[in-house]
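For the numbers below, each heavy atom of this structure counts, side chains included, while hydrogens, waters and symmetry mates do not. The model shown is predicted, which means the values in this text are computed figures rather than measured ones. Along the sequence shown, residues carry numbers from 1.
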Amino acid sequence: MKNIHFNIILFLFALISSCNSTQKEVKNDPKSPPNIVLILTDDQGYGDLNFHKNDSVDTPVLDKLASESIRMDRFYVSPVCAPTRASLLTGRYHLITGVSWVIRGAENMRE
């Protein structure tokens, strides 16, 4: 149930973020903060995108986004969602947060 709530919150955040974007003149002011968009997908492997040399999948929008962005590809995570989210939220190794799996309370972070 918590997983569903997190997905809904993540979807709403993405929706609100996209609605707030407007066509503005780009300023090259070094003092202005960078625009950062974090895209977290569930159940997607490295090779599931066309720009990672997968010819079986057509992802033109993501390919364009990747070509115009900085990709940080050194964030190693657990193969299941809850530990990955715990690492992302805390900046710590997921086992330190107490999250090790997605069932029977193993998805809950320590206080």
Rounded to the nearest 0.5 Å, what separation is found between the [atom1] atom of [X] and the [atom2] atom of [Y]?
X: T97; Y: R85; atom1: OG1; atom2: CZ; result: 13.0 Å
X: I70; Y: I36; atom1: CD1; atom2: CD1; result: 9.5 Å
X: L62; Y: S69; atom1: CG; atom2: OG; result: 10.0 Å

Backbone of [Y] reached by a side-chain donor or acceptor of [X] within 3.5 Å:
X: S87; Y: R92; answer: yes
X: H94; Y: V99; answer: yes
X: T59; Y: N50; answer: yes

_So which atom in V102 and which in C81 form the shortest heavy-atom distance, rounded to 0.1 Å?_
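That would be CG1-SG, 3.9 Å.
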
*Least distance between heavy atoms, G47 atom then N54 atom*: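 In this case the closest contact between G47 and N54 is O-ND2, 2.6 Å.
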
_All pairs passing salt bridge (Lys or Arg N to Asp or Glu O under 4.0 Å) where residues 44-58 contributes a residue, at least two apart_ =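 Applying salt bridge (Lys or Arg N to Asp or Glu O under 4.0 Å) to every pair that reaches into residues 44-58, excluding sequence neighbours, yields nothing.
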
_Using the rule that Ile, Leu, Val, Met, Phe, Trp and Tyr join whenever any side-chain heavy atoms are under 4.5 Å apart, tell me whether F51 and V61 fall into a single cluster._
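Result: no, two separate clusters.
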
*State which residues pass side-chain hydrogen bond (donor to acceptor under 3.5 Å, both in side chains) with T90; sequence neighbours excluded, sorted by chain then number.*
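side-chain hydrogen bond (donor to acceptor under 3.5 Å, both in side chains) list for T90, sorted by chain: empty.
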
